[in-house]
Protein chains: 2
Amino acid sequence: MEKVTVFDLIERMSALLRSEERKKCTEFGLQSVHLQILDYLSRCNKYSDTPAALTNYLGMTRGTVSQTLLLLEKKAYVSKATDSTDRRVVHLSLLPDGKAMLQQARQTELFDQAADLLARDKLSSYDEMLVSVLTALQKSNKSQSFGICKTCLYFTVSQDGYLCGLTREALTEDDSGKICQEHRVL
Amino acid sequence: MEKVTVFDLIERMSALLRSEERKKCTEFGLQSVHLQILDYLSRCNKYSDTPAALTNYLGMTRGTVSQTLLLLEKKAYVSKATDSTDRRVVHLSLLPDGKAMLQQARQTELFDQAADLLARDKLSSYDEMLVSVLTALQKSNKSQSFGICKTCLYFTVSQDGYLCGLTREALTEDDSGKICQEHRVL
DNA sequence: GCTTTATGTTTCGATTCGATACTTTATAAT
DNA sequence: ATTATAAAGTATCGAATCGAAACATAAAGC
């Protein structure tokens, strides 16, 4: 397949989602960045719930992120807590209101419908397909992949559960499904 | 495949592209909306090069689109021309400067690299795969699909070339590859 | 101890964005 | 025909975003 096709297809999907997202946002009186931040926080793990990670993830400046977080904090969507060991670092967490908002704003209908339509066609193994597309994209975007923990180079299965090879810490099943800023593609 | 997987995969791709785009934009002193507009204008056909189409495509209000176009016009990226038959409508076109900017700002490297990586793996027919994913998404997003002209319900092949079944006008090969706001999924 | 680096915050000005009201043109109704 | 209604854009205003730069504080290097 020529590059143009992949390029166009993915760009189209992306534009489609962007548009949907914008509509959702105005509906709930939010900005798309807010939604992206809430979404990220709901998916990232404990190593990645900092303003700095958000800065990298969203590709914005620190100042802007700081401002936006201030606003989200005022709306009681997120809360801050300084790290116990490194007192420069702030850990963010979704508050109940934030979770509720995210739940409402997620484009679930769109995807539900799409999935239903997909199910009718008898396509096999298109998830490995998409996975490989995404992985390829992540590899290209060298800097940071922000991949799922369990697909990481450092992710290891020990006798008594999961383990992060980088931090040497034990990981719960829950942790292993979330996005990590330290993620390295296999 | 469960819905979650599709959802996550595509969301991830989208987030990735958004981030890349943001970086590109600040690099060139633009806003991501500007780039999206330039991109759209470079891909849309003559039925779709109006502010109203942009409004639908981007999911913004008419006022905002009008403002942004004013700015792009001032930068000599786009130009306006009132329609000859319906004097209410305005047709937009990319000026050389706009094309040049778009050329520079497009995330070609990212996709080139991704395509190279994909080429190494021996995956067959993943384009039909992605096409069907995208089509499904477009079907879900009932309102307007903004699909490629040649994949449209109204697209017909006559003895002497292509034809739009809606407007009854002849279409060039070039036209048939572009995005149309009237697009209907088959 | 001093410098350098990293994480966040603050401030400021330019820009965006949505809401509302408005103009102009086309289409529909009577 | 004349009026009414709808559609495409524009203009204006105020709130909010965003990036740049300067700043503060904490950790790390030498």
Inset, instruction - Report yes if at least one side-chain N or O of B:K80 is closer than 4.0 Å to OP1 or OP2 of D:dT10; otherwise report no. - result: yes

Inset, instruction - Just call it for A:T55: base, sugar-phosphate, or nothing, with non-hydrogen atoms closer than 4.0 Å on any strand. - result: nothing

Inset, instruction - Look at all strands and tell whether A:L69 reaches a base, only sugar-phosphate, or nothing, counting heavy atoms closer than 4.0 Å. - result: nothing

Legend entry - Main-chain N/O of B:R62 paired to B:S66 side chain as donor or acceptor, under 3.5 Å: no

Inset, instruction - Compare all side-chain heavy atoms of A:V78 with those of A:L95 and state whether any distance is below 4.5 angstrom. - result: no

Inset, instruction - Write down the distance between NZ (A:K74) and P (D:dA16), rounded to a whole number of angstrom. - result: 7 Å

Inset, instruction - Let me know the distance between CG of A:L30 and C1' of C:dT16, rounded to the nearest Å. - result: 17 Å

Legend entry - Selection from D:dT10, C:dT15, C:dT7 that lies nearest to any side-chain heavy atom of B:S66: D:dT10

Legend entry - Validation row: A:L69, A:L54 side chains within 4.5 angstrom (heavy atoms): yes

Legend entry - Euclidean distance, atom CG of residue B:L72 to atom P of C:dT15 [Å, nearest integer]: 13 Å

Inset, instruction - Check whether any side-chain N or O of A:T156 sits under 3.5 Å from a backbone N or O of A:L163 as a donor-acceptor pair, and report yes or no. - result: yes

Legend entry - Separation of D:dT25 C1' from A:D83 CG (nearest whole Å): 15 Å

Inset, instruction - Report, as yes or no, whether the 6.0 Å neighbourhood of atom NZ on B:K80 holds more than 12 heavy atoms from other residues, nucleotides or ligands. - result: yes

Legend entry - Separation of D:dT10 C1' from B:L70 CG (nearest whole Å): 9 Å

Inset, instruction - Without swapping roles, check the side chain of A:T55 against the backbone of A:P51 for a donor-acceptor pair under 3.5 Å. - result: yes

Inset, instruction - Could you check how far NE2 of B:H91 sits from C1' of D:dG9, rounded to whole Å? - result: 13 Å

Legend entry - Protein-to-nucleotide contact annotation, 5' to 3' order, nucleotides 17-27 of chain C [B base; S sugar-phosphate only; - none; under 4.0 Å, heavy atom]: SB------BS-

